[in-house]
Number of protein chains: 2
Amino acid sequence: MSFPSPQHDHGPCVVHALQVAEEECRRRGARLTDIRRRVLELVWRSHAPIGAYALLEALGKAAPPTVYRALDFLLAHGLIHRIEKLNAFVGCPHPGHAHPGQFLLCRQCGAAAELNDESIEQAVRRAAEKTGFLVAGLVVEAEGLCPACRKDAV
Amino acid sequence: MSFPSPQHDHGPCVVHALQVAEEECRRRGARLTDIRRRVLELVWRSHAPIGAYALLEALGKAAPPTVYRALDFLLAHGLIHRIEKLNAFVGCPHPGHAHPGQFLLCRQCGAAAELNDESIEQAVRRAAEKTGFLVAGLVVEAEGLCPACRKDAV
DNA sequence: TTGCGGAACGTTATAATATAACATTTAGCC
DNA sequence: GGCTAAATGTTATATTATAACGTTCCGCAA
Ligand SMILES: [Zn+2]
Ligand SMILES: [Zn+2]
Ligand SMILES: [Zn+2]
Ligand SMILES: [Zn+2]
């Protein structure tokens, strides 16, 4: 919910995310195969949202469909989110209940933070209702400066 | 601000948009060249957001950079918006003051409506502030059913 | 008017992102 | 073990976007 400090030790976050993912997949009867786990780990290891071809390269010998299929699986089970603005992917810090993500993207350091603010979704839903539109999915992506980069910029 | 009825006569909308664009460009000292005007007209003629390569085809004999340059110009001067989710473009119904768009995108008929709801932006700004993040740009894209398609679906 | 200089455009090639189609392997189940 | 469906491998190609460089056009000023 808060912005990840750039110098925090990210290792434990990755380990924790993988544990949660194992659990969540078990609960759902979904198979977190080796490739899928490796992609998820790579996504988490990256501090910033990471693109499919960067993942592909990190995986070593693999073709595009391999990584896209893994990403599709992870998206379908709510373990990652896609950032539309960046054509990139980021780990979900609290999978288990389906939700659209709301993201803060630092234009300086690339870091991303996920919000899940009820009032944002409500504001959209209310405004949409006024026009008679029924909201089914929602993309919210704010670009700007994270706390650390904001300080640096003075 | 409200959803465009699918059977409304779109011709006048296009004509009006082009007039406003002429005016706005004059005001800004920007050149609305033939290509740029044709691209803007094509964007407006399309009921739904339209992609760069569809515009390219409609233009006839032209190469990608031609249409992308025109789109860049139109974006820079606030005459169109880009829909990130769709990699597509839509005319702005009220250019003249820079603003991020907030969009309602019908998954059935493809129609798009632009909102400019203060409360949405405020909700995002407030939630971002809590984390110390400074918002500079904002993408809001809701997917769902427009009033007409909602009725059809019962 | 003519020539200058920058903006706009043309053209070719290529980068970056994503999917189609089909063969092969693997994992779970009886 | 043998069956089946899911997962993965493999090749080709679609889709979206930009780089690089040459040419043309347009406003402006000598
Ligand atoms: Zn999430
Ligand atoms: Zn930052
Ligand atoms: Zn607008
Ligand atoms: Zn519709």
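Throughout, a chain's letter reflects where its sequence line sits, starting with A, and its residues are numbered from 1.
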- Message: Pair B/R26, B/E24 - check salt bridge (Lys or Arg N to Asp or Glu O under 4.0 Å), show working.
- Response: CA-CA 5 Å; B/R26 197 159 34 241; B/E24 178 64 10; over 6 Å; no

- Query: OP1 or OP2 of D/dG9 less than 4.0 angstrom from a side-chain nitrogen or oxygen of A/T66, does that happen here?
  - Reply: yes

- Item | Expected output: side-chain A/E143 to main-chain A/C106 donor-acceptor under 3.5 Å | no

- Give a yes-or-no answer on whether the side chains of B/H99 and B/E121 include a donor-acceptor pair shorter than 3.5 Å. no

- Give the rounded distance in Å between these two atoms: CG of B/D34 and C1' of C/dG10. 15 Å

- More than 12 foreign heavy atoms under 6.0 Å from CD of A/E129: is that the case here? yes

- Query: Are the side chain of B/H16 and the backbone N or O of B/P12 linked by a donor-acceptor pair below 3.5 Å?
  - Reply: no

- Message: The test is side-chain hydrogen bond (donor to acceptor under 3.5 Å, both in side chains); show your working for B/Q102 and B/H81 and say whether it passes.
- Response: CA-CA 10 Å; B/Q102 304 161 348; B/H81 292 286; over 6 Å; no

- Which whole-number value in Å describes the distance from B/R31 CZ to D/dG27 P? 6 Å

- Ordered by number, residues from residues 35-65 of chain B within less than 4.0 Å of DNA chain D (heavy atoms) are B/Y53, B/P64, B/P65

- Any side-chain heavy-atom pair from B/P64 and B/Y53 closer than 4.5 angstrom? yes

- Query: Quick one: B/D72 CG to D/dT18 C1', roughly how many Å, whole number?
  - Reply: 10 Å

- Task: Answer yes when B/R27 and B/E23 have at least one side-chain N-carboxylate O distance shorter than 4.0 Å, and no when they do not.
- Result: no

- Measure the distance from OH on A/Y68 to P on D/dG9 and round it to the nearest whole Å. 16 Å

- Ignoring hydrogens and angles, are the base of C/dG10 and the side chain of B/R69 linked by a donor-acceptor pair under 3.5 Å? yes

- Does B/T33 place a side-chain N or O at less than 4.0 Å from the phosphate oxygens OP1/OP2 of C/dC9? yes

- Message: From NE2 of A/H77 over to C1' of D/dA6, roughly how many Å is that when rounded to an integer?
- Response: 12 Å

- Task: Go through B/V139 and B/K85 one step at a time and tell me if the side chain to side chain contact (heavy atoms under 4.5 Å, CB included) criterion holds.
- Result: CA-CA 10 Å; B/V139 172; B/K85 236 181 124 98; over 6 Å; no

- Message: Heavy atoms within less than 4.0 Å of DNA chain C: which residues of residues 80-90 of chain A have one? Give them sorted by number.
- Response: A/R82, A/N87

